[in-house]
Novice: 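Okay, handing you the structure first.
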Amino acid sequence: MCMSRILKTSGFLGLATMMVVGLYQYTLLESGGVPSWLVGGHAHLGVLSILAVVMGFAVDAFALTGRLRAAVSGLFVVGQWLLPLTIWVGVGFGLMFLIPTTFLWGVCLIVSMLIMAWQAWVSEPTTPGGMPGPASPADD
């Protein structure tokens, strides 16, 4: 399976999950309040999911291949999901021993971003079929 497809799919799935959690938070709000740990995980999953979609397109645009492509995609998806899930499970279920692993998931995200930063520095982005032509006004 194409690694950029995994990133994009993970991003959209994460956004759908974040929306479901948001609806759940709304029901909690109506009945008394939302725990801060639930809000924090919700925010992390939302932002990281948007970045996963963007990363999927960036991996294609910079034409990453082989191990670099696999590293960027794999590390990002692991961080995207395990960082908020660790917060939800660790605090929500009282398994506080899991909380220090959030640093590991954060490092996965950072390494993925640093690989992309390096790729952006050393190469020009490519686009399939060349660059698009100038924009023209729409005929309405």
Side-chain angles (χ1 to χ4, degrees):
M1 180 182 253
C2 178
M3 296 308 280
S4 66
R5 182 179 294 169
I6 290 171
L7 276 166
K8 293 169 195 167
T9 302
S10 181
F12 288 118
L13 182 60
L15 287 169
T17 302
M18 185 256 332
M19 291 171 185
V20 169
V21 172
L23 288 175
Y24 175 64
Q25 287 182 60
Y26 175 74
T27 63
L28 290 178
L29 186 62
E30 290 294 311
S31 64
V34 180
S36 61
W37 57 267
L38 189 58
V39 174
H42 174 255
H44 277 90
L45 184 59
V47 170
L48 293 172
S49 295
I50 292 167
L51 286 173
V53 173
V54 172
M55 287 284 281
F57 288 103
V59 163
D60 288 340
F62 284 105
L64 263 75
T65 59
R67 290 184 181 176
L68 284 180
R69 189 178 188 100
V72 165
S73 301
L75 289 169
F76 195 90
V77 169
V78 164
Q80 173 201 0
W81 286 97
L82 291 181
L83 192 134
L85 285 174
T86 299
I87 294 168
W88 288 336
V89 172
V91 180
F93 292 99
L95 303 173
M96 297 303 287
F97 67 91
L98 293 175
I99 297 302
T101 64
T102 58
F103 288 102
L104 177 61
W105 314 135
V107 167
C108 289
L109 293 165
I110 291 166
V111 169
S112 179
M113 287 293 176
L114 289 173
I115 293 170
M116 287 304 294
W118 175 80
Q119 190 68 25
W121 180 257
V122 300
S123 66
E124 291 293 324
T126 60
T127 56
M131 296 299 287
S136 58
D139 293 328
D140 289 357

Novice: Is L45 linked to L98 within one hydrophobic cluster, defined over Ile, Leu, Val, Met, Phe, Trp and Tyr using a side-chain heavy-atom separation of less than 4.5 Å?
Specialist: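 No: no chain of side-chain contacts under 4.5 Å links L45 to L98.
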Novice: Please determine whether residues L109 and F103 belong to a single hydrophobic cluster, defined as Ile, Leu, Val, Met, Phe, Trp and Tyr linked transitively by side-chain heavy-atom distances below 4.5 Å.
Specialist: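 Each belongs to a different hydrophobic cluster.
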Novice: Considering non-hydrogen atoms only, spot the tightest contact between T86 and I99 and give its length.
Specialist: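 Shortest heavy-atom separation between T86 and I99 comes out as O-CD1, 3.8 Å.
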Novice: Is it true that a side-chain atom of Q119 and a backbone atom of L64 form a donor plus acceptor pair closer than 3.5 Å?
Specialist: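 Checking the backbone N and O of L64 against the side chain of Q119, no donor-acceptor pair under 3.5 Å is found.
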Novice: Once rounded to the nearest 0.5 Å, what's the spacing between atom CH2 of W105 and atom CG of L48?
Specialist: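 With rounding to 0.5 Å, CH2 (W105) is 13.5 Å from CG (L48).
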Novice: Measure the CE-CD distance between M19 and Q25 for me, rounded to the nearest 0.5 Å.
Specialist: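 That separation rounds to 13.5 Å.
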Novice: By the definition side-chain contact (heavy atoms from CB on, under 4.5 Å), identify the one residue from V91, I87, L28 that meets it with L38.
Specialist: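 Looking at V91, I87, L28, the match for L38 under the side-chain contact (heavy atoms from CB on, under 4.5 Å) is L28.
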Novice: Is there a chain of hydrophobic side chains (I, L, V, M, F, W, Y, each step under 4.5 Å between heavy atoms) that links L23 to W88?
Specialist: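 No, no single cluster joins them.
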Novice: How about L68 and F62: do any of their side-chain heavy atoms sit closer than 4.5 Å?
Specialist: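 Contact flag for L68/F62 side chains = no.
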Novice: Could you report the tightest heavy-atom contact between S4 and R69, atom names first, then the distance?
Specialist: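 Of all heavy-atom pairs spanning S4 and R69, the closest is OG-NH2, 3.4 Å.
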Novice: Return the OG1 to CG distance between T102 and L82, rounded to the nearest 0.5 Å.
Specialist: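 One finds 11.0 Å between OG1 of T102 and CG of L82.
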Novice: If you measure from CD1 on I115 to CG on L75, what distance do you get to the nearest 0.5 Å?
Specialist: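 Reported value, rounded in 0.5 Å steps: 6.0 Å.
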Novice: With the side chain counted from C-beta on, respond yes when M18 and V21 share a heavy-atom pair under 4.5 Å apart, and no when they do not.
Specialist: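 With C-beta onward as the side chain, the pair stays apart.
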Novice: Rounded to the nearest 0.5 Å, what separates atom OG in S112 from atom CG in L7?
Specialist: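 S112 OG to L7 CG: 7.0 Å, rounded to 0.5 Å.
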Novice: Specify the closest pair of heavy atoms between P84 and H44, including all atoms of both residues, with the distance to one decimal.
Specialist: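 Looking at all heavy atoms of both residues, the closest pair is CB-CB, 4.3 Å.
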Novice: Which atoms form the tightest heavy-atom contact between Q80 and A52, and what is the distance?
Specialist: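 So the minimum-distance heavy-atom pair works out to OE1-CB, 3.8 Å.
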Novice: Is W118 reachable from V72 through a run of I, L, V, M, F, W or Y residues, each pair having side-chain heavy atoms under 4.5 Å apart?
Specialist: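 Same cluster: V72 reaches W118 through Ile, Leu, Val, Met, Phe, Trp or Tyr contacts under 4.5 Å.
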Novice: To the nearest 0.5 Å, how far apart are OG in S10 and CD1 in I6?
Specialist: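 Output value for this atom pair is 9.0 Å.
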Novice: Do I110 and V77 sit in one hydrophobic cluster, given that two such residues count as connected whenever their side-chain heavy atoms are within less than 4.5 Å of each other, even indirectly?
Specialist: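 Not linked; separate clusters.
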Novice: What heavy-atom pair brings V78 and C108 nearest, and what distance separates the two atoms?
Specialist: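 Between these two residues, the closest heavy atoms are CG1-SG, 4.2 Å.
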Novice: Any chance CD of E30 has more than 12 other-residue heavy atoms, nucleotides or ligands included, within less than 6.0 Å?
Specialist: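 Enclosed: over 12 neighbouring heavy atoms sit under 6.0 Å from CD of E30.
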